[in-house]
Amino acid sequence: MIELSHVSRNFGTFRAVNDVSFSIPTGQIVGLLGPNGAGKTTTMRMITGFLSPSDGKILIDGTDISESPVEAKKKIGYMPESAPLYSDMIVEDYLRYIADMHGENPDEKVPALCAECGLKEVMNKNISDLSRGNRQRVALAHSLIHDPEILILDEPTSGLDPNQVEDVRNIIREIGKTRTVIISTHILSEVETLCSRAIIIAGGKLVADSPIDELRARFGNEMSVKLVLGNADSSAVEEDLKKVSGVAEVKLTESDVPGSVGAVVSVKGSDEIRPELFKAVVEKGWTLYEMSVQKNSLEDVFHTLTAAKVEA
């Protein structure tokens, strides 16, 4: 379990993290989100012990990481975005070396992690010769070598192709059944896929901490309508749809239909506005290829919370 209580971090006169508190129990996969410069990387570095908080406490399974850093860090596995692997080593030799460093039995740990992280085909290859996806797998095995109770992953699927992304996500799902996992990522669809809960930081402060479904319900627009229109000018679509009663915002999007204009219309409240949108389409003489309801996305929530914080 991870517990942060009124944690702040100053760099000179600049307060990067300001009075952040949350707790994460075992067996939960949580997304830690925030725009660039929000303070999430500083927060992760404090949780892992790379930085000390200026104020507040961080407990790792009840152990204060500032007072007993070695004991607390033994419970943590950390995979940074660009994992510092020894590229001139063979994968198996590297993992055995890391196991030795942690005081673990390489003969037991390395074969188990080879199976868990899908490294069987590359164990005898140089790390420098591996694809980005397999390097990520090696980094994940490294972070798990001492069987930590807490796993912190920074952009774990960054730069991977779709097949590699799905493989790594499946590994994380299995790991998350028995461990506390924090994932920091800019890929919001990844958080929706993997995480049951999101913590959002903006301007150094915690602005949201809830299950993802609750965040969708509480923030942003409750509903949006996707439209694909033919025989229409994009600027006219944006301008005219904004005039429809009940419309909060209109965003132009790409469309798969050649020569058409795509738009996502955010709705004020939960009113049914499709009849009014249809009437506007008919009056303008546009061709309606698609009209579909979309539920509020985590991206909408993120934009609502972080944009408001920046403006404040």
Checklist entry - Can Leu4 and Ile47 be said to form a side chain to side chain contact (heavy atoms under 4.5 Å, CB included), step by step? => result CA-CA 8 Å; Leu4 274 69; Ile47 294 172; 3.9 Å; yes
Checklist outcome for this item: Scanning both residues in full, the closest heavy-atom pair of Trp286 with Val237 reads CH2-CA, 3.8 Å
Next on the checklist: Please report the interatomic distance CZ(Arg15) to OG(Ser54), rounded to the nearest 0.5 Å.
Outcome noted: 6.5 Å
Item to check | Salt-bridge contact Glu272-Arg274 (side-chain N to carboxylate O under 4.0 Å) | outcome: yes
Item to check | Connected via hydrophobic side-chain network under 4.5 Å: Ile145 and Met89 | outcome: yes
Item to check | Close side-chain approach of Arg9 to Leu51, heavy-atom, < 4.5 Å | outcome: yes
Checklist entry - To the nearest 0.5 Å, how far apart are CG in Leu140 and SG in Cys117? => result 4.5 Å
Checklist entry - What's the verdict on salt bridge (Lys or Arg N to Asp or Glu O under 4.0 Å) for Arg173 and Glu166, showing C-alpha distance, side-chain angles and the deciding distance? => result CA-CA 10 Å; Arg173 286 189 189 97; Glu166 188 57 32; 3.6 Å; yes
Item to check | Non-hydrogen side-chain atoms of Leu241 and Leu277 separated by less than 4.5 Å | outcome: yes
Next on the checklist: With a 4.5 Å cut-off on side-chain heavy atoms, are Asp167 and Arg137 touching?
Outcome noted: yes
Checklist entry - Are there more than 12 heavy atoms of other residues, nucleotides or ligands under 6.0 Å from atom OH of Tyr97? => result no
Item to check | Carboxylate-amine/guanidinium proximity below 4.0 Å for Lys284 and Asp233 | outcome: no
Item to check | Trace of the side chain to side chain donor-acceptor pair (under 3.5 Å) decision for Glu190 with Thr157 | outcome: CA-CA 9 Å; Glu190 183 158 275; Thr157 61; 2.4 Å; yes
Checklist entry - To the nearest 0.5 Å, what is the distance between CG (Leu32) and OG1 (Thr41)? => result 8.0 Å
Checklist entry - Under 3.5 Å, is there a donor-acceptor pair between the side chain of Ser21 and the main chain of His6? => result yes
Next on the checklist: Treating Ser8 as the side-chain partner and Asp19 as the backbone partner, does any N or O pair qualify as donor plus acceptor under 3.5 Å?
Outcome noted: yes
Item to check | Validation row: Leu151, Ile182 side chains within 4.5 angstrom (heavy atoms) | outcome: no
Checklist entry - Are Ile2 and Val70 grouped together when hydrophobic residues (ILVMFWY) are joined by side-chain heavy atoms under 4.5 angstrom apart? => result no
Checklist entry - Between His102 and His142, how do the two ring planes meet: parallel, tilted or perpendicular, split at 30° and 60°? => result perpendicular
Checklist entry - Do you know which two heavy atoms are closest between His186 and Lys40, and how far apart they sit? => result NE2-NZ, 3.7 Å
Checklist entry - Hey, any chance Met44 and Val207 share a hydrophobic cluster, counting ILVMFWY side chains that come within less than 4.5 Å of each other, even indirectly? => result no
Next on the checklist: Give me the atom names and distance for the closest heavy-atom approach of Tyr94 to Tyr86.
Outcome noted: CE1-N, 3.8 Å
Checklist entry - So, Thr63 versus Asp61: side-chain donor-acceptor pair below 3.5 Å or not? => result no
Item to check | Side chain proximity check, Ile150 to Arg179, heavy atoms < 4.5 angstrom | outcome: no
Checklist entry - Which is it for Ile58 and Met46 under the side chain to side chain contact (heavy atoms under 4.5 Å, CB included) test, yes or no, and what are the steps along the way? => result CA-CA 8 Å; Ile58 299 175; Met46 287 191 289; 3.6 Å; yes
Checklist outcome for this item: In short, Gly77 meets His146 closest at the heavy-atom pair CA-CE1, 3.9 Å
Item to check | Distance-only donor-acceptor check, side chains Gln164 and Arg132, under 3.5 Å | outcome: no
Checklist entry - Considering all heavy atoms of both residues, which atom of Ala280 and which atom of Val244 are nearest to each other, and what is their separation? => result CB-CG2, 3.9 Å
Next on the checklist: Quick check: do Val7 and Lys57 have side-chain heavy atoms less than 4.5 Å from each other?
Outcome noted: no
Item to check | Reported CG-to-NZ distance for the pair Asn134 and Lys125, which is rounded to 0.5 angstrom | outcome: 7.5 Å
Checklist entry - Does Ser260 reach the side chain of Tyr289, with side-chain heavy atoms less than 4.5 Å apart? => result yes
Item to check | Salt bridge present between Lys279 and Glu283 (N-O < 4.0 angstrom) | outcome: no
Checklist entry - Are the side chain of Asn105 and the backbone of Asp107 linked by a donor-acceptor contact shorter than 3.5 Å? => result yes
Checklist entry - Apart from Ile90 itself, which Ile, Leu, Val, Met, Phe, Trp or Tyr residues share its cluster (side-chain heavy atoms under 4.5 Å, direct or through members)? => result none
Item to check | Any side-chain heavy-atom pair of Val267 and Val247 under 4.5 Å | outcome: no
Item to check | Given Leu227, Leu229, Val265, the one that forms side chain to side chain contact (heavy atoms under 4.5 Å, CB included) with Met291 | outcome: Leu227
Checklist entry - Salt bridge or not for Lys74 and Glu71, using N-O below 4.0 Å? => result no
Checklist entry - What are the two closest heavy atoms between Pro25 and Thr180, and how far apart are they? => result O-OG1, 3.2 Å
Next on the checklist: Test side chain to side chain contact (heavy atoms under 4.5 Å, CB included) on Ile24 and Arg197; report intermediate values, then the result.
Outcome noted: CA-CA 10 Å; Ile24 305 174; Arg197 172 183 165 198; 4.0 Å; yes
Next on the checklist: Quick check on the hydrophobic clustering: are Val168 and Leu113 connected, directly or via other members, by side-chain heavy-atom contacts under 4.5 Å?
Outcome noted: yes
Next on the checklist: One pair to check against side chain to side chain contact (heavy atoms under 4.5 Å, CB included): Leu33 and Ile201. What are the steps and the verdict?
Outcome noted: CA-CA 6 Å; Leu33 307 175; Ile201 296 175; over 6 Å; no
Next on the checklist: Hydrophobic cluster membership, with links at side-chain heavy-atom distances under 4.5 Å among I/L/V/M/F/W/Y: are Val20 and Ile200 in one?
Outcome noted: no
Item to check | Point-to-point distance, once rounded to the nearest 0.5 Å, from CG of Leu153 to OG1 of Thr185 | outcome: 10.5 Å
Checklist entry - Would you say Arg45 has more than 12 foreign heavy atoms packed within less than 6.0 Å of its CZ? => result no
Checklist outcome for this item: Rounded to the nearest 0.5 angstrom, the CG-SG distance for Leu188 and Cys195 is 10.5 Å
